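Every value quoted in this text rests on a predicted model; they were computed, and no experiment measured them.
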Amino acid sequence: MNLLDKNIIMITAGGVGQRFGSSIPKQYLNLNGKPVISYVIEACKKSKFADAVLVVSDSKYHEELTEIYEVDVTVSGEKLNQTKRNGFDYIKSNSSCEKLVVVESVRPSIDSDVIDQIFQLLNEYDAIACAKKITDSLGAYEKWVINREDYYTLNPPEGFRFPLLDKYFDSDSIYTESIQQLPDTSNIYLNFNVPYFDKITYPEDFIRIEAIMKWKESQCR
């Protein structure tokens, strides 16, 4: 990364895998023969528009990340929003970032086409949220009938005009989707026209995504 770089991808990789139940953070476990995070980094480095890729992770993985993948690294925090703040501060100090795409290290099916789509949409919008319509029925403790059309889920990656995000981002916020911290006047685009990139949270997710990744690789042959 250098001071001329304007389009940055940041990978959050500070998770310790507490819910997964592994002694090694799940982003460093082997999935079909290579670390989960490697799929994410490879997709990010295929981007046509990214000037640099930053991984925000535990410092004990920095040497491996820089030597094998040739990415920028900075140290993660105890919680996700502190990890993000550390990444934003690094980006401010080392680039002239105008557009930022944030991805998670535990979504190995991410692809570069979606990342590039987000970069392009940031020519027109302040922020991009990948979203998915809800197909299951919803219930609530205080209300029996809920119209699912009124709701949607937010799923990484997210894209931002970086100066706006940096100004309003609060690492102490209860919101883990950074886009929810932007002011109401922000010009936000909800992008429903993207695949859902499955997240590895529990051991059963790992098994399912391993099968999905094998199938995707077979389709590319």
Side-chain angles (χ1 to χ4, degrees), residues 1-3 5-20 24-28 36-37 40-41 44 50-63 65-66 69 71-107 110 115 118-119 121-122 125-131 152-191 197 199-201:
M1 190 181 299
N2 63 63
L3 292 177
D5 291 340
K6 296 183 177 180
N7 295 343
I8 309 295
I9 302 174
M10 187 178 87
I11 302 172
T12 56
V16 297
Q18 184 175 7
R19 287 178 292 180
F20 191 83
I24 301 173
K26 52 187 177 288
Q27 60 269 32
Y28 300 107
V36 169
I37 195 171
V40 181
I41 294 174
C44 292
D51 297 317
V53 177
L54 169 67
V55 180
V56 192
S57 72
D58 189 304
S59 59
K60 67 182 177 182
Y61 297 102
H62 284 188
E63 183 177 355
L65 290 166
T66 53
Y69 304 109
V71 292
D72 281 73
V73 293
T74 194
V75 67
S76 54
E78 290 186 9
K79 295 183 178 180
L80 176 60
N81 279 340
Q82 186 57 60
T83 290
K84 290 182 178 180
R85 181 73 268 171
N86 291 356
F88 300 159
D89 289 345
Y90 181 93
I91 289 168
K92 277 198 301 183
S93 298
N94 293 278
S95 75
S96 299
C97 185
E98 295 177 358
K99 299 177 185 177
L100 174 69
V101 176
V102 180
V103 305
E104 292 183 338
S105 62
V106 288
R107 295 183 188 264
I110 183 86
I115 292 170
I118 293 172
F119 273 126
L121 286 167
L122 286 170
Y125 298 95
D126 293 326
I128 314 300
C130 292
Y152 53 86
T153 61
L154 293 173
N155 316 291
E158 297 177 296
F160 305 92
R161 298 276 182 92
F162 180 67
L164 178 69
L165 173 64
D166 181 56
K167 179 180 179 180
Y168 287 99
F169 184 82
D170 177 8
S171 60
D172 293 323
S173 172
I174 62 172
Y175 302 116
T176 55
E177 293 291 340
S178 305
I179 210 159
Q180 295 174 322
Q181 296 195 36
L182 298 182
D184 294 340
T185 54
S186 302
N187 188 11
I188 295 174
Y189 180 76
L190 293 177
N191 190 2
F197 301 116
K199 179 180 180 181
I200 298 174
T201 303

- Message: For Tyr125, give me all partners under ring pair (Phe, Tyr, Trp, His ring centres under 6.0 Å), at least two apart in sequence or on another chain.
- Response: Tyr189
- Query: Say you draw a straight line from SG of Cys97 to CG of Leu3; how long is it, rounded to the nearest 0.5 Å?
  - Reply: 12.0 Å
- Can you tell me how far CD of Gln181 sits from OH of Tyr168, rounded to the nearest 0.5 angstrom? 12.0 Å
- Query: When rounded to the nearest 0.5 angstrom, what is the spacing between CG in Asn81 and OG1 in Thr176?
  - Reply: 6.5 Å
- Would you sort out whether Ile91 and Thr74 count as a side-chain contact (heavy atoms from CB on, under 4.5 Å), showing the intermediate values? CA-CA 10 Å; Ile91 289 168; Thr74 194; over 6 Å; no
- Item | Nearest-0.5 Å distance, CD of residue Glu104 to CG of residue Asn155 | 9.0 Å
- Task: Identify the heavy atoms of Ala50 and Cys44 that sit nearest to each other, and give their distance.
- Result: CB-O, 4.5 Å
- Query: How far does CD of Gln27 sit from CG of Asp58, to the nearest 0.5 angstrom?
  - Reply: 9.5 Å
- Message: I'd like to know if the side chain of Asp126 and the backbone of Asn187 have a donor-acceptor N/O pair within less than 3.5 Å.
- Response: yes
- Item | Shortest non-hydrogen separation from Val55 to Leu65 and the atoms involved | CG1-CD1, 3.8 Å
- Item | Under-4.0 Å salt bridge between Asp166 and Arg85 | yes
- Task: Using the test ring pair (Phe, Tyr, Trp, His ring centres under 6.0 Å), find all partners of Tyr28 that sit at least two apart in sequence or belong to another chain.
- Result: Tyr61
Output side-chain donor-acceptor pairs under 3.5 Å for residues 5-12, partner residues at least two apart or in another chain, one line each.
from  : atom 1 : to     : atom 2 : distance (Å)
Asp5  : OD2    : Asn2   : N      : 2.8
Asn7  : ND2    : Phe49  : O      : 3.0
Thr12 : OG1    : Val103 : O      : 3.4

- Rounded distance [0.5 Å steps], SG in Cys130 versus CD1 in Ile118: 4.0 Å
